[in-house]
Every structure is written in structure tokens, then in C-alpha cells.
Amino acid sequence: MPDTSNRTITRRAGLAGALAAPLALRDARAQQASLVEIGTNGWLFPVWDRLARVDMAALRNALQTVGETIGILRAARIQVAILLIPSRKRLMRQFLPAGSQVSPEAAQRYSLSVTELTRAGALVPDLDALFRNQMQRDASHPLFFKTDTHWTPMGAELAAVEMARQMRERLQLPASPRPGTRLGDLRPMQLAAGDLTQHVPPAQRAAYGPETSLIRQILPPEGAAALIEDDSYDTVIVGTSNVQPRFGFQPVLSNQLVRPVGLSWKPNNVGTYATLLDYLRSDAFKQQRPRALVWNHLEQDMVNTTNNSSWGQAAIAPAEFLNQVRRAVA
């Protein structure tokens with residue numbers, strides 16, 4: 001786990017009432033109810049993570065696009081690590097509503113993704129196995145929130161420590177002239193309301209209160225590092241809201257790699273493909289290309305290639321996406 005010493009290392013109304021309600025209101029309620037599955041023991045799950053069936057053709061198409069992207073980045077002398085976050089719904093299946101099923105394809109979705117992306121040349125830690133083992137050893141520190149789509153800071157820390165370990169061993173990054181983030185003790189962090197509670201019928205929302213996790217305290221720089229104002233870095237994280245600062249993945253990775261780590265993230269409805277393109281077109285990338293890029297994906301989104309409608313205006317044809325990546329790194 002992170003070094004916490006002084007050594008510097010671097011998110012049913014009744015029938016009458018329903019008939020009387022305006023049509024738009026009824027539609028809105030139906031939409032809300034359709035977006036969340038109410039599980040047991042206080043757990044909520046998003047319906048868009050489909051475990052009963054998996055479009056294997058779509059999964060393979062997406063993996064091919066990601067694999068080709070990895071190849072383009074590596075040809076540009078950028079090493080790639082894939083932070084593939086396991087499906088919270090699949091891992092916590094014991095809390096799914098009665099009768100829920102996990103298809104054989106869904107059970108293999110993560111391992112297939114790891115295999116294909118590793119074959120494409122990326123470093124892809126098996127966080128699924130890591131999380132399973134940790135949940136068996138210590139159930140007192142959950143790796144996912146019950147009412148939110150994100151992992152807890154404890155899940156983020158576990159993933160960051162393992163990612164850094166494998167990057168140190170396999171990517172052979174040179175020693176950094178600047179230290180990583182200093183970290184202290186674990187402190188309580190409260191999630192006031194999970195993002196899935198908004199989809200629960202209003203009469204039931206009071207049953208889902210705040211949740212607490214522990215998060216690593218970030219300490220100020222010390223010594224000569226405290227006097228240097230330099231935001232350059234040779235390692236960057238690009239991804240979803242799971243890697244936003246509030247969950248602590250970036251500082252723990254920086255701490256464990258003993259080097260500054262940059263971050264570029266956007267909400268998941270934008271998609272990790274558009275987020276990568278935005279970063280590659282940014283001034284930060286143009287001014288300093290990273291030696292290593294940690295690209296964050298979610299297991300349940302691996303069936304969504306670049307032009308999937310779920311990305312809205314950010315959807316782009318795979319061939320055009322790849323061409324734009326090539327142009328950005330040329």
C-alpha cells in the first residue's frame with residue numbers, strides 16, 4: 001500500500017393517480033424506474049450493464065478498435081497501460097434482484113478483454129482477480145459504493161498500487177527528477193448521495209443515505225520539491241469519472257511510481273474515446289508527450305465502440321477515430 005512515511009513519494013403510484021398524472025410526468029417516472037435495478041442489502045445497479053446477454057460481435061469490434069489505438073500510440077513511442085475497471089454489478093452479483101442471471105458471455109467479458117488488449121501490446125493488470133481476492137480477505141472496506149456507479153477510494157487505491165507495481169516492473173520508465181505525490185493516513189470520505197439514487201422512485205429515496213469510505217490524505221511537498229513550480233509529467237491518466245481526483249487514483253499512482261502523473265478525464269457519458277482524442281489534441285500533449293499513458297475503460301462499456309449512440313455527440317466512426325489518433329500523434 002502507499003508509503004505513508006515522511007519520505008517524499010508521489011465520484012407505484014395508484015392507478016387513479018397514474019391516470020391523472022400528465023403524460024410527460026408518467027414518461028419521466030417510467031424512464032427513471034427503467035434505469036436502475038433495486039437489489040438487496042441497499043444495493044442499486046444500473047440497467048445499462050447488461051449481464052443476461054452480451055453482444056459478442058460488438059465486444060470484439062470495440063476490442064479491435066482499442067487494440068489498433070494501442071498500436072498507434074506505441075508506434076509513436078508512447079507505452080500504454082489499460083486501467084480496465086471490473087463490472088461492479090458482476091462482482092457484487094450476490095446483491096442483484098432475485099432471478100437475475102449472469103450469462104456465460106458476461107462472465108467471460110473481462111478476461112477476454114484483458115487477453116485481447118494484452119495481445120495488442122498494452123499492460124493490462126487483472127483487476128478482476130485482484131478485487132475478488134481483496135473482497136474475500138477484507139469485507140469491511142468495500143471497493144464499490146452501494147448506490148453509486150463508481151468505485152470507492154479504497155477500490156481506486158488498490159487498483160493504483162497494482163497498476164504502479166506492474167508499470168515499474170514492465171515499462172522500465174526512467175527515474176524521475178521530480179518526486180511523486182506525498183500521501184498520509186486514511187481519512188473518512190462521505191458520499192452524500194449516490195448517482196443511482198436519482199433513478200429510484202421518489203418515495204423510496206429516503207431509504208438510501210450517505211455512504212462513507214476511507215481515502216488517502218494528500219500531503220504537501222517537502223524539501224526542494226516544495227519550491228519547484230513545475231506541472232510537467234511523463235506519465236498521464238486518461239479516462240472516465242472513476243479517475244477524477246475525488247476518488248484518489250491519480251495521487252496513489254503518482255506516489256507509487258515516484259513521479260508526477262498528469263490527468264485528463266471526462267464524465268462517462270462523453271466516453272473514453274473522445275476523452276483520449278481531446279487529450280491528444282491538447283496543448284499539454286503537444287508540449288510534452290508522455291512516455292506512458294494509462295487509458296481507463298469500464299468493463300461494461302467494452303461492447304460500445306467509438307460510434308455507439310451512448311456517446312451522443314461524441315460518437316465517431318471507428319475508422320475516423322483511428323485516423324484522428326494518427327494525426328494527433330504524427
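Linking Ile, Leu, Val, Met, Phe, Trp and Tyr residues whenever their side-chain heavy atoms come within less than 4.5 Å leaves V270 and V303 in two separate clusters.
When N242, T240, T272 are each tested for a side chain to side chain donor-acceptor pair (under 3.5 Å) with N296, only one passes: T240. Between L96 and the choices L51, I38, T40, the side-chain contact (heavy atoms from CB on, under 4.5 Å) rule is met once, by L51.
In this structure, S241 contributes its side chain and Q244 its backbone to no donor-acceptor pair below 3.5 Å. Side chain of Y110 to backbone of L84: a donor-acceptor contact under 3.5 angstrom is found. Remark: the backbone N or O of A129 is paired with a side-chain donor or acceptor of N133 at under 3.5 angstrom. Between the side chain of R205 and the backbone N or O of V200 there is at least one donor-acceptor pair closer than 3.5 Å. The backbone N or O of G248 sits nowhere less than 3.5 Å from a side-chain atom of R216 that would complete a donor-acceptor pair. Under a 3.5 Å cut-off, the side chain of Q250 and the backbone N or O of V261 do form a donor-acceptor pair. Judged purely by atom type and a 3.5 angstrom limit, S176 has no side-chain atom pairing as donor or acceptor with the backbone of P179. One N or O on the side chain of R88 and one on the backbone of F145 form a donor-acceptor pair closer than 3.5 Å. Without hydrogens or angle criteria, T197 side chain to A193 main chain gives no donor-acceptor distance under 3.5 Å. In terms of modelled atom types and a separation under 3.5 Å, the side chain of R182 and the main chain of P220 share a donor-acceptor contact.
Between F249 and W151, the ring-plane angle classifies as parallel under the 30° and 60° cut-offs.
Among all heavy-atom pairs drawn from N61 and T305, the shortest one is O-OG1, 4.3 Å.
A salt bridge is absent between E105 and R109; no separation between the charged side-chain nitrogens and carboxylate oxygens falls under 4.0 Å. We find that R90 and D128 are joined by a salt bridge, their nearest charged nitrogen and carboxylate oxygen being less than 4.0 Å apart.
A side-chain donor from one of T149 and D195 sits under 3.5 Å from a side-chain acceptor of the other. Between the side chains of N268 and D301, at least one donor N or O lies within less than 3.5 Å of an accepting N or O. E211 and T147 form a side-chain donor-acceptor contact under 3.5 Å, judged by distance and modelled atom types alone.
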Step-by-step side-chain contact (heavy atoms from CB on, under 4.5 Å) determination, L263 to V236: CA-CA 6 Å; L263 174 63; V236 64; 5.9 Å; no

E320 and R327: CA distance, side-chain angles, deciding distance, salt bridge (Lys or Arg N to Asp or Glu O under 4.0 Å) verdict: CA-CA 10 Å; E320 180 58 23; R327 286 198 292 269; 3.2 Å; yes

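Other residues, nucleotides and ligands contribute at most 12 non-hydrogen atoms within 6.0 Å of the CD atom of Q313.
Between F45 and F95, the ring center distance fails the sub-6.0 Å criterion.
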